Amino acid sequence: MLGEGIIKGMAETARNFFGSFVSKERLITVEYPEQRIPTFENARVFPFLVYDGADWEAGLRCVACQICEKECPPKCIYIEKSKEKKPDYAGKLQIYPAKFDIDVSVCMSCQICVEVCPFEAIKMNTEFELATDDRFGGLLLDRQKLARSNEYYHSIHPTEAAEVDARLAEEKAKVEAKAKAAAEAAAAKAAAAAQAKPTDTASPKTDTPKSGTPQSGGEGA
Amino acid sequence: MFSKLDQIFVVLQHWVAGFVPVSLQPIVLALVGVVGIVVVFPALFALTTVFERKGLGRIQNRLGPNRVGPFGFFQPVADGIKALTKEDVVPFNADHFVHFISPVVLLVAVFMGFAVLPVGRNMQLVDLDAGLLFYFAMGASSELAVFMAGWSSRNKYSLLGAMRAVAQMISYEVILLLSSVAVVMMTGSLSLVKIVEAQSQYTWGLPHWYVFTPWGLLGFILYAIAATAETNRSPFDLPEGESELVAGYFTEYSGFKFAMFFMAEYLAMFSVAGLGATLFFGGWSAPVSALSFVPSWIWFIAKVMVAIFVFIWVRGTLPRLRQDQLMNFAWKFALPLTLLNLMVAGLWRFMNPGVVRWVVCFAILAGAYVLMARVGMKREKFGPRSYRYAE
């Protein structure tokens with residue numbers, strides 16, 4: 001029958017019209033500035049620099065190795081190395097970035113910098129409101145603006161951050177164990193040397209090779 | 001008290017005219033009436049744009065505009081400011097004078113239609129004996145303005161839109177006219193005031209609206225379809241099909257001229273809805289005699305707004321027609337039915353009142369409708385198109 005389809009269609013739209021006033025499931029609009037849905041864990045927008053501890057400048061994990069700068073496809077990262085060194089999370093002395101700028105307008109959110117970073121220092125942020133009224137300075141973010149605490153990283157990417165923390169802890173433990181072993185070895189060496197001293201005067205070639213080998217647990221510092 | 005409210009605008013008009021000498025009074029009376037029309041219907045237009053956007057939003061399970069003012073009802077103010085402050089760009093090669101004058105011509109032609117519409121009891125600007133004829137003459141001249149706009153723009157999209165508009169409006173003008181001729185045949189007058197008066201009688205509290213007769217029902221359906229096409233509303237919005245023609249005949253218009261086209265389209269909707277209400281739904285008369293105490297102009301506006309709601313509803317439902325479908329529908333389906341409707345109206349006039357008359361007339365029209373739908377439309381390929389690709 002001619003016109004039947006029109007009636008059906010009209011009924012459907014009428015159902016939508018009245019239904020949207022009644023049922024909340026129909027009206028799925030999120031009124032953005034006031035209402036927000038939580039960002040997804042896998043979301044990625046723009047990189048940020050992770051720091052440990054309270055002081056962002058001291059805690060930056062970045063060691064200015066410049067791998068990300070070289071790998072960045074649109075070349076939006078600019079790094080300047082520092083002259084002096086500061087201790088990293090494991091206590092090792094490292095250089096740090098005196099300057100670390102990323103241009104928001106150039107970045108294409110590819111995450112390659114994150115993937116190449118061997119120090120877990122740069123990660124992707126989920127913050128998407130990056131608009132600014134200053135198109136020259138405002139779009140170039142320096143290291144202070146890029147710095148985010150590790151707690152923040154945990155809050156946006158909990159799973160990934162936990163993995164990273166575990167890995168870093170493991171590495172730190174390894175380094176510490178190594179350092180400890182080295183210290184022990186050194187101590188043992190010193191002790192052996194001290195022990196050997198009195199005999200040294202008597203017979204220098206008898207004891208020294210034996211005392212060194214059995215006591216050393218970890219090899220080489 | 002209610003009878004006073006019914007005539008409040010007429011009293012107001014005469015009160016204003018009372019301030020000038022008697023010789024000037026007819027001019028002032030007309031002027032006040034014109035001001036009333038020019039103020040009320042554009043205000044209604046502003047309100048309708050919000051309602052339309054919100055209604056369409058709800059149909060699509062969205063919220064619609066809700067940022068400007070309470071529930072977004074100041075949106076037309078923002079839109080108006082935007083339209084007024086926008087740069088008015090005129091194409092270099094355009095016919096500047098025609099390009100400038102066509103939105104004005106369109107708006108004037110549309111406003112002229114309101115002159116003969118009885119908005120309430122004693123509330124028409126002029127009671128012409130040939131009011132309906134005048135209305136259709138004005139409706140036809142809006143086609144001229146549309147073509148002027150399309151032609152003067154020197155733009156292929158504008159021209160295509162104007163061509164489509166003229167082809168469509170002329171085709172559907174025939175149906176629009178002939179479906180209302182049945183009403184004229186029954187009333188015996190072209191005066192819209194007389195047509196309303198003929199319908200505002202009641203038996204058992206129910207009105208004698210023409211839509212409650214078989215020929216009136218079919219006439220109204222055809223009128224509604226033709227009116228939708230006349231006002232270039234979806235699903236007949238080919239002249240301004242934005243997916244094909246940018247904006248059709250007003251592609252090259254910007255700023256306030258664009259707003260004028262927009263307003264003219266909505267005003268045409270109001271006036272055509274008002275005419276439909278006048279012809280088939282008893283104009284300003286109440287739907288049941290018990291409600292006659294409500295001021296007549298409220299009924300008129302209410303009927304127009306219901307029609308506008310249906311316009312919006314249809315727009316939210318139906319996709320745009322193709323050009324061949326549009327023409328086939330007009331000439332091969334709607335026009336024969338309209339002609340048959342005219343004959344049935346004559347038959348109705350000369351048969352004795354009663355159930356038999358109703359059944360016979362309804363059977364003829366329903367039979368014709370089914371036959372046309374089954375046979376006439378089946379020959380045309382209205383199904384999905386088949387494509388033949390080059391090997």
Side-chain angles (χ1 to χ4, degrees), chain A residues 1-46 104-105 107-109 125-139 141 145 155-156, chain B residues 51-67 71-72 217-218 221-222 224-225 228 234-236 306 309-321 325 328-329 332-334 336-337 365-380 382-384:
Chain A
M1 190 62 184
L2 185 71
E4 203 179 329
I6 294 177
I7 305 284
K8 266 187 208 158
M10 300 280 273
E12 183 59 39
T13 43
R15 205 175 303 133
N16 276 318
F17 181 85
F18 293 110
S20 65
F21 286 101
V22 184
S23 73
K24 279 275 172 286
E25 298 95 74
R26 277 184 187 275
L27 211 59
I28 52 163
T29 308
V30 179
E31 289 185 77
Y32 158 61
E34 294 96 38
Q35 297 172 6
R36 280 150 196 276
I37 41 175
T39 48
F40 295 100
E41 205 185 319
N42 287 341
R44 63 167 203 243
V45 180
F46 188 70
V104 184
S105 58
C107 176
M108 61 183 202
S109 310
N125 207 339
T126 53
E127 207 179 288
F128 53 90
E129 287 150 320
L130 300 166
T132 170
D133 53 1
D134 174 17
R135 69 186 163 124
F136 301 108
L139 291 171
L141 300 188
K145 282 181 193 146
S155 70
I156 57 169
Chain B
F51 275 124
E52 167 147 35
R53 291 174 64 183
K54 286 185 94 72
L56 281 179
R58 289 289 174 172
I59 283 173
Q60 296 156 7
N61 290 329
R62 292 185 288 110
L63 283 166
N66 62 352
R67 295 283 131 177
F71 298 104
L217 184 64
L218 186 67
I221 292 167
L222 290 166
I225 292 167
T228 317
S234 179
F236 300 104
V306 168
F309 178 77
V310 175
F311 269 127
I312 294 168
W313 186 8
V314 168
R315 184 181 168 186
T317 308
L318 300 178
R320 189 180 303 134
L321 265 72
Q325 293 171 335
N328 278 332
F329 184 75
K332 293 189 179 171
F333 180 76
L337 266 187
L365 291 176
Y369 178 79
V370 172
L371 207 71
M372 300 276 294
R374 284 273 163 81
V375 183
M377 304 293 270
K378 194 152 276 178
R379 246 183 306 151
E380 301 303 327
F382 278 93

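Remember, it's a predicted structure, so these values are computed and weren't measured experimentally. In what follows, every chain begins at residue 1, and chains take the letters A, B, ... in the order their sequences are listed.
When every heavy atom of A:Thr29 is checked against every heavy atom of B:Arg62, the shortest pair comes out as OG1-CA, 4.0 Å. Pairing each heavy atom of B:Val314 with each of A:Met10, the nearest pair is CG2-CE, 3.6 Å.
In this structure, OG1 in A:Thr13 is found 10.0 Å from CG in B:Leu56, a value given to the nearest 0.5 Å. Put simply, CZ on B:Arg58 and CG on A:Asn16 are 11.5 Å apart, with the number rounded to the nearest 0.5 Å. From B:Ile59, atom CD1 reaches atom CD of A:Glu12 across 11.0 Å, with rounding to the nearest 0.5 Å.
A 6.0 Å sphere centred on CG of A:Asn42 holds no more than 12 heavy atoms belonging to other residues, nucleotides or ligands. Other residues, nucleotides and ligands contribute at most 12 non-hydrogen atoms within 6.0 Å of the CZ atom of A:Arg135. Counting heavy-atom neighbours within 6.0 Å of B:Phe71 CZ, excluding the residue itself, gives a total of 12 or less. Few gaps surround OH on A:Tyr32; more than 12 heavy atoms of other groups in view lie less than 6.0 Å from it.
Residue A:Glu25 does not touch chain B at all, counting heavy-atom pairs closer than 4.5 Å. With a threshold of 4.5 angstrom between heavy atoms, B:Leu63 approaches chain A through its backbone and through its side chain.
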